[in-house]
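Below is one structure, written out as structure tokens, with a few remarks after it.
Order of the sequence lines sets the chain letters (A, B, ...), proteins ahead of strands, with each chain counted from 1.
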Amino acid sequence: MAAPRPDPDALLQQLRDQASRESRGRLRIYFGASAGVGKTWAMLDAGRQRRGDGVDVVVGVVETHGRVETAAQLRDLSVLPPAQREARGRSRPEFDLDGALARHPALILVDEFAHSNVAGSRHPKRWQDVEELLDHGIDVYTTLNVQHLESLNDVVGGITGIRVHETVPDTVFDAADEVVLVDTPADELIGRLRAGKVYLPAQAERAAQNFFRKGNLMALRELALRRTADRIEDDVQVYRVDQAIAPVWKTEAALLCCVGPRDGTDHVVRSAARLAQQLAVAWHAVYVETPALQRLDAGRRERILQTVKLAETLGATTAVLAAQDVATALVGHARHHNLSKLLMGRHPAPRWWQGKGIATRLTRLAPEFDLIAVGAGLRAGANPPPAATHAAAVSAESPGATGRAPGFLWAGFACAVTTAVATPLSRFFDIPNIVMLYLLAVVGIAVRFGRGPAVLAAFANVAAFDYFFVEPRLSFAVADLQYLLTFGVMLVVGLVTGQLTAGLRFQARIATRRESRSRALFEVARDLSSVLATEQCVEVAEQAISREFRAKAHVFLLDLDDQLQAPHGAEAEPTLDLGTARWALDRNEAAGLGTGTLPGSAWLYLPLKAPMRTRGVLALQPAAPDLLLVPEQRHQLETFAVLSAIALERLHYVDVARDATVQMESERLRNSLLSTLSHDLRTPLAALYGLSDLLVDRLGSATTEDRNDAALELARAICTSARRMNAMVDNLLEMAKLQSGRVRLDRQWQPLEEVVGSALQDLGAALAGHAVDIRLAPSLPLVEFDAALIERVLANLIENAAKYTPPGSRITVAAKVEGTDLQVAVEDDGPGLPAGREEALFQKFTRGDPESSISGVGLGLAICRAIVEAHGGRIWVEPVGGEGARRGARFCFTLPLGTPPPMPDPEDLEGAALPEPSAALAVGSGSVTP
Amino acid sequence: MNPASAATASVLVVEDDPQIRRFVRSALEAQHWLVFEAATVAQGLVEAGTRHPDLVILDLGLPDGDGIGFLRDLRAWSNMAVIVLSARTHEVDKIAALDAGADDYLTKPFGVGELLARVRATLRRGQRPGGDGEPVFAFGDVVVDFTTRRVRRAGVEVHLTPIEYRLLGVLIANAGRVLTHRMLLHEVWGAAYAERTHYLRVYMGQLRQKLEADAARPVGLVTEAGIGYRLVADPPRAHPGSG
């Protein structure tokens, strides 16, 4: 019944992948268990074969390690010269990414995928270079050893005892289009090593002792084979989804990896990555930061954030949650993202004072989740010691830390002062009141200096109390044993109040800091929302960022052609690089300091992403670069960038709206001017024409004896001039209207024949003395046009033909279908046109013969052209009978045919074809059919 | 009501320009017609209500409102003939005026001959209401006999489809008058077809093929470009001065 149906989401994802893959280059990885198995050789061999097929193959970089066979493979392939990079005072060769992009071969061979680039290169890692090559549509072949794979890094380290630091994220490996396993049995590899085919003989001995032990090699081989098998399984899955053989893997089993504050969490993250990969599920990695954890010193904090980053490179969706309670936050996140397996490091059972362990709490909160505990990993020196430079970040984020040493001194001082004050008072007060004074001092120290000094104060005060006030005085001995209870209670009360007060103080400090961040955001948002000019906006943003992050800030903006512009004052900053900024804009991702691209740069470049598009790039150079590693600060910075981008976008649209208003205003003005002109010019002309015509009528109808022929002639002349004047005004106004570009065409489907008829009818007397021939091809289709305007074109052309030819000339109006156009021609057999002036005729105020006695201002053809072009056609003139035969002119114009609308129902037309006696109007032998 | 004699017909001219008013008045008075004048819409409506003219000549651009409003108010209570005056490029105004009930239009500038011909044709139609016309109608060399539903051209019988016949019937009933595309579509096909002007154009073309000597240069079934059609029973120049 339930036929296996492909998961639509999975199919969609695949389509997206396919779409992005089509434009992207293809990546093939030659994957091996260890050095020396023959990956480079296999890659070069495949490259040569492809070249044999006629593909443009270039060797980007290849390490031969002095191997003869490999060098032989390289001989006849074209090799890209390496770029020389300055590093630590000497020049070192490095893969030339820009050279490869410029050369743009179809396929490039790049050895050693995991290689770390020399400092100063665009990307810190070679695999990032390869990504960029792929983005540009270049296919890449590369090589990789199993120990360089991030998720297997620690496992390999455990097997061989050697930890490599050059790693490739699993996501990149899994995204490769093809993985080719290059396999050599361990014995053969050792044999080749001994024969000196792998390393140069001097190195071989040392390498063999450390790394190339048979046990190691077998284990590595197993790992490589397994990893390849996993990948192939993925490929099978993809294939199956594609072919709809079986349903896709379930999505509800997704994995949540809980990143804890302890060392060795890297191991948990790697285990999670491996597990997720085996289960073929998505996975998340989450670090929950409680107030207690926020107090950690910067070095440990950074280490934790590095772990989160590692999870991200391993393919996890990562998040840093700020919450009071770890278990609640984890459960909330897992439920929200539909994650059913929680994976965490296994810890020693909590001591009784630590309360319940997280695992227990999780079980209670969410019994439906699977909990997976991962054993402690290899405690190799993988975690770098916290660097000394972090002091700046510490002082910035937790100012309380600096006050710690004086705090302890103050605790001692408080103890001394309390004792000094209490000594004279002890004569008047009972001992319990003295205890109160000491407790007060502890509270005071806790409020002012926090937990540590408060603990010291509690112990010191108990000691001082015992020494100075409890009999025997000036001795730690206690005569009355009940004082032991007093000491105990005093110590406990002191410690507890100290803890509580310090906790409150900490909370208050966090709240203050949070509030100051919110206030900074609020102020920037307020300032940005009130700016009215782009320069002002840039200034506000730059100032706010330099204030808030103690950084130099500059904003790159886009100019009218969407080109990124260097900011004002950039000349003073020689290290500010427009190229990097452009890269950040094009890729829409951050670049420079602390990112994966050009991390050596002094500046961080953030694209200003607004809802509609990226509006520019923000560059900043913080005084303390480590400040940007703190997630809150990073978040704050990103929010600043978004606010600036939105403000820039708002200003952009303010400009757009203003332009539109101005345009509308001028449009309105022009229209009202035109209609006023039209009315004010035409009305007196109409009166002039009518009155003069009336005069002609009067004078003409007078009786023969009073007839004044001279006056009649004059009246007729006035009449004609008025008419001509009216035509000119019509033309001028029409041209003005067409010129404004806002003529709305009233396009309707109609036969051309109709407008030819009405044009001729309109012209009437103007055609006197000319014979007009109409030659329309039979069954012309309907065409969509504005009847009044096309009639105007025809009338102008026919009138011109009549005006510029002697009486008795013949004018022909013809129309036919030419390709996708209807072509209409008006030709005459008059004197023809002056050669070479054909195109000029259609210009405004141009006439064939400027000194012609025939009236006109030369607007007629310009109007025709404007009308025809508004219809999507073209208009031209040619001599009749081809070049040389200067006899007559032919004006042609075209109208696009388009798709005619549906015709009347066939039932209606049937009547014509098949008349029924009762329905038909006339039945007769002489019936005429068209 | 005025006696139904053309000699004493009364005409109301609603026009704001005094010179044009003067010209129209002189031309019409020369034909011994009675002429009243109005310069505004309000004044025009008062004159129309008190004088009951046979014909109104109405300018579309008046200082206190447009002619369309005048027409709507007038048509609420009267069927008197109306000719509108408008400039050449304002086809939209003309169509709106015709749809609002105007009988005909004149394009400014116009001469005495055009004015008198239109006025005469319009007045004549007013005297001969569509209903009790003769059973036989002739235009050009075409004769339509409504009793037998036969159409002949130059003595030869012509076969028309039902729609063609209905279209011809509507044109004949309004002979001399401009009918807008919308009006014709409404009358022949029904209200739902008011926008399908290409139907009308296809049938008009067929009708011309059957009834006109040269379909591209029609004499009887005339196109008013961008506006509509008119059936010309007697070409205006053929009988000048006839009343």
Side-chain angles (χ1 to χ4, degrees), chain A residues 678-679 682-691 693-694 696-698 719 722-723 726 730 733-734 737 746 748-751 753-762 772 774 776 782 786-788 791 813 900-901 903-904 908-909 911-912 915 919-930, chain B residues 16-24 26-27 30 61 85 87-92 108-113 115 148-153 155-165 181 189 196-199 201-206 208-210 214-218 222-227:
Chain A
S678 159
H679 183 260
R682 277 192 179 119
T683 307
L685 273 172
L688 180 62
Y689 176 69
L691 288 167
D693 195 46
L694 191 65
V696 172
D697 200 51
R698 289 276 164 81
C719 198
R723 180 127 227 167
N726 188 72
D730 270 1
L733 292 174
E734 183 100 31
K737 221 162 83 179
D746 177 23
Q748 292 182 355
W749 290 95
Q750 50 201 318
E753 173 190 277
E754 223 169 57
V755 279
V756 173
S758 59
L760 289 173
Q761 185 191 324
D762 263 20
V772 180
I774 299 176
L776 305 182
L782 296 191
D786 184 318
E791 188 205 301
V813 181
M903 281 297 117
D908 292 346
L909 294 170
L921 289 171
V923 185
S925 53
S927 175
V928 176
T929 42
Chain B
D16 60 329
D17 185 67
Q19 300 306 330
I20 295 181
R21 227 158 50 218
R22 183 166 157 190
F23 149 61
V24 173
S26 304
L85 306 178
R88 173 197 171 105
T89 46
H90 298 164
E91 263 77 16
V92 184
K108 286 181 184 178
F110 50 88
V112 180
L115 173 69
T148 58
R149 297 169 73 98
R150 278 168 192 248
V151 181
R152 287 167 181 279
R153 184 177 143 222
V156 180
E157 250 187 85
V158 179
H159 168 77
L160 297 185
T161 68
I163 286 185
E164 286 166 5
Y165 182 76
H181 297 129
W189 278 271
R196 305 197 195 172
T197 52
H198 62 281
Y199 278 32
R201 290 189 157 111
V202 168
Y203 277 95
M204 211 55 204
Q206 289 171 8
R208 284 204 183 111
Q209 293 284 348
K210 293 180 183 180
D214 182 353
R217 252 183 290 196
V222 175
T223 306
E224 302 282 335
I227 295 171

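Both the backbone and the side chain of A:E754 come within less than 4.5 Å of a heavy atom in chain B. Proximity to chain B (any heavy atom under 4.5 Å) is restricted, for A:L782, to the side chain, taken from C-beta onward. Contacts of A:L691 with chain B are made by both backbone and side-chain atoms, with heavy-atom separations under 4.5 Å. Only the side chain of B:R208 comes within contact range of chain A, with at least one heavy atom under 4.5 Å from a heavy atom of that chain. Using a 4.5 Å cut-off between heavy atoms, A:D697 touches chain B through its side chain atoms alone. Using a 4.5 Å cut-off between heavy atoms, A:V813 does not touch chain B at all.
Under the side chain to side chain donor-acceptor pair (under 3.5 Å) criterion, B:E224 pairs with B:Y105, B:R230, not counting sequence neighbours. Residues that satisfy the ring-ring contact (aromatic ring centres under 6.0 Å, His included) test with A:Y689, not counting sequence neighbours, are absent from this structure.
Separation of atoms NZ (B:K108) and OG1 (A:T683) is listed at 4.5 Å; rounding is to 0.5 Å.
When each of A:S758, A:G690, A:A686, A:A787 is scored by its heavy-atom pairs under 4.5 Å with chain B, the top score falls to A:G690. For the options B:G61, B:P218, B:S26, heavy-atom pairs under 4.5 Å to chain A are most numerous at B:S26.
Summarising the geometry of B:P109 relative to A:N726, their closest heavy-atom pair is CD-ND2, 3.0 Å, with the distance given to 0.1 Å. For A:E753 against B:G205, the heavy-atom pair with the smallest separation is OE2-CA, 4.4 Å.
Side-chain contact between B:L160 and B:R149 is absent, with no heavy-atom pair separated by less than 4.5 Å.
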